[in-house]
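Just follow the structure's listing: the first ligand is 1, and inside any ligand the first atom is 1.
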Amino acid sequence: MLVVMTVGATREEIAEVIATIEGQGLKAHPIPGAQRVAIGITGNRDVVNSALFENLPGVLEVIRVSNPYKLVSREAKAEDTVVRVGGVPVGGGHFAVMAGPCSVESEEQTLTIARAVRAAGAHILRGGAFKPRTSPYSFQGLGKRGLEILSQVSREVGLPVVTEALDERSLELVVEYADMIQIGTRNMQNYSLLRRCGEARKPVLLKRGMAATVEELLMAAEYVLAEGNYQVVLCERGIRTFTDHTRNTLDLAAVVAVQRLSHLPIIVDPSHATGRRNKVIPLARAAAAAGADGVMVEVHHDPARALSDGSQSILPEELGQLMWQLPTILPLTGRAMAQPLAVSA
Ligand code: PEP
Ligand code: MN
């Protein structure tokens with residue numbers, strides 16, 4: 001349920017609605033909009049009695065949200081959410097490029113790639129320290145040491161960092177060292193982990209499960225918002241189909257579908273979607289043309305020697321080429337490149 005306040009509702013009137021919600025043992029989620037505040041109600045098992053709120057001062061109307069997802073829905077908030085990642089805006093017209101290696105392999109490798117990514121004009125550095133590998137015998141990431149490298153490199157090049165948390169233990173470390181928590185495709189429906197992300201005070205990049213519907217993706221995001229963390233960026237990274245010319249199938253229609261249903265930003269990862277270097281740039285361009293709020297791409301200066309996902313990592317000069325092409329496409333969807341942070345001295 002959603003309590004919509006009038007345009008001129010006062011702070012006290014909003015506080016009274018929140019107190020009434022909490023007095024029922026429920027959770028109140030004030031959602032500021034451009035015009036007015038709406039207050040989402042969660043935590044109810046039965047139908048909430050709307051008469052409790054309808055006659056409170058400053059209340060315009062009480063709406064029953066028809067979707068299973070509530071806080072993430074456009075009904076709850078009509079305007080696009082802008083998520084800030086260490087100062088870089090994502091969504092609401094700001095197109096962000098997240099780029100970097102699949103895995104943090106060493107200090108030298110991460111610094112080399114981060115410098116190249118920064119020089120190309122990308123906004124956020126990616127790199128995995130905890131790697132969810134199909135085989136237990138493959139490189140599993142450097143763990144805490146990887147996070148230390150990422151945080152040091154982040155300061156050195158002046159880019160915020162997004163990195164994956166695999167479980168509750170690694171989440172604590174990721175929150176400590178990184179600017180954004182990545183929840184990967186294999187964990188999209190790890191509800192206890194999502195709840196912990198909801199308690200964290202860092203933005204979350206939530207990747208679509210490889211066999212998840214758009215509704216399941218939005219319900220996963222709802223877990224994070226329901227715990228009070230509204231800073232969530234969704235990511236379409238390809239889904240499993242019968243094709244064998246790509247690793248997964250990029251579902252660009254999901255971007256359009258999500259944007260109709262939800263106010264949260266959605267970006268596209270053409271690297272994991274295709275698994276092939278030669279397909280990454282064309283599909284990154286397609287993502288921008290479809291109206292995505294950003295892309296995440298894997299970049300490596302020596303992909304043949306990469307410890308993971310070398311075959312889908314583009315070269316730094318290819319990233320430069322993409323960064324140069326994107327501004328031609330973005331105006332078509334009313335977007336512009338997010339402004340990169342100034343390099344700190
Ligand atoms: C990644 O981005 O490093 C990753 C493992 O992606 P996904 O969860 O989409 O497979
Ligand atoms: Mn990867």
Side-chain angles (χ1 to χ4, degrees), residues 85 96-105 109-110 113-114 117 122 124-136 138-143 146-147 149-150 161-167 170-171 174 178-190 193-194 197 203-212 216-217 220-221 232-241 246-252 254-255 266-277 279-280 283-284 287 292 294-315 319:
V85 183
V97 177
M98 308 184 186
C102 176
S103 298
V104 173
E105 299 169 8
Q109 170 254 13
T110 308
I113 298 171
V117 155
I124 297 167
L125 177 66
R126 66 144 286 145
F130 297 94
K131 295 303 303 175
R133 304 304 301 280
T134 305
S135 164
S138 302
F139 177 59
Q140 303 286 308
L142 297 181
L147 294 179
I149 293 173
L150 271 177
V161 159
V162 56
T163 192
E164 180 164 356
L166 277 188
D167 48 30
S170 52
L171 176 64
V174 167
D179 300 284
M180 185 179 219
I181 307 157
Q182 178 171 322
I183 298 297
T185 195
R186 294 159 188 82
N187 265 322
M188 190 207 82
Q189 286 180 312
N190 181 340
L193 187 60
L194 294 175
C197 287
V204 175
L205 178 66
L206 178 61
K207 298 186 91 174
R208 180 181 180 186
M210 59 185 85
E216 286 163 343
L217 172 63
V232 176
V233 175
L234 305 170
C235 180
E236 161 58 38
R237 47 77 71 204
I239 49 171
R240 277 288 160 86
T241 68
T246 52
R247 184 174 176 184
N248 291 291
T249 294
L250 181 60
D251 178 14
L252 279 183
V255 171
I266 177 160
I267 68 163
V268 166
D269 172 351
S271 306
H272 291 91
T274 63
R276 311 273 206 282
R277 183 173 315 130
K279 298 184 176 61
V280 170
L283 290 191
V295 287
M296 170 180 257
V297 285
E298 288 185 337
V299 178
H300 204 290
H301 62 298
D302 189 2
R305 288 198 182 73
L307 295 183
S308 59
D309 286 349
S311 60
Q312 66 192 35
S313 300
I314 58 172
L315 294 162
L319 177 67

Nearest heavy-atom neighbours spanning K207 and D269
NZ-OD2, 2.7 Å

Enumerate the atoms of ligand 1 whose separation from the nearest heavy atom of K131 is less than 4.0 angstrom.
3 (O)

Where ligand 1 meets K207 - atom numbers and elements under 4.0 angstrom, heavy-atom basis:
1 (C), 2 (O), 4 (C), 6 (O), 7 (P), 8 (O), 9 (O)

Between the side chains of H272 and E298, is a donor N or O closer than 3.5 angstrom to an acceptor N or O?
yes

R208: heavy atom below 4.0 Å from ligand 1, yes or no?
no

Any sub-3.5 Å donor-acceptor pair from T163's side-chain atoms to G127's backbone N or O?
yes

the protein heavy atom lying closest to atom 4 (C) of ligand 1 turns out to be H272 NE2, 3.5 Å

So which bit of R186 gets within less than 4.0 Å of ligand 1, heavy atoms only: side chain, backbone, both or neither?
side chain

Would you check if the side chain of T185 reaches a backbone N or O of M210 as a donor-acceptor pair within less than 3.5 Å?
yes

Does ligand 1 have any atom sitting under 4.0 Å from a heavy atom of R126?
yes

Heavy-atom donor-acceptor pair, Q140 side chain to S138 backbone, under 3.5 Å
yes

Give a yes or no on whether the backbone of V255 and the side-chain of E236 come within a donor-acceptor separation of less than 3.5 Å.
no

Is the backbone N or O of S271 less than 3.5 Å from a side-chain atom of R237, with the two atoms forming a donor-acceptor pair by type?
no

Using modelled atom types only, decide if a donor and an acceptor are shared between the side chain of Q182 and the backbone of G128 within a distance under 3.5 Å.
no

Does R240 CZ have over 12 foreign heavy atoms under 6.0 Å away?
no

Which protein atoms of type N, O or S are found under 2.8 Å from the Mn ion (ligand 2)?
C102 SG, H272 NE2, E298 OE2, D309 OD2

For atom 10 (O) of ligand 1, which candidate among R237, E298, M98 holds the nearest heavy atom?
R237

Against heavy atoms of G184, which atoms of ligand 1 measure under 4.0 Å?
8 (O)

Atom 5 (C) of ligand 1: nearest protein contact (heavy atom, Å):
E164 OE1, 3.7 Å

Do any N or O atoms from the side chain of K131 and from the backbone of C102 form a donor-acceptor pair under 3.5 angstrom?
yes

Is it true that a side-chain atom of E105 and a backbone atom of L307 form a donor plus acceptor pair closer than 3.5 Å?
yes

Looking only at protein heavy atoms, what sits closest to atom 8 (O) of ligand 1 is T185 N, 2.8 Å

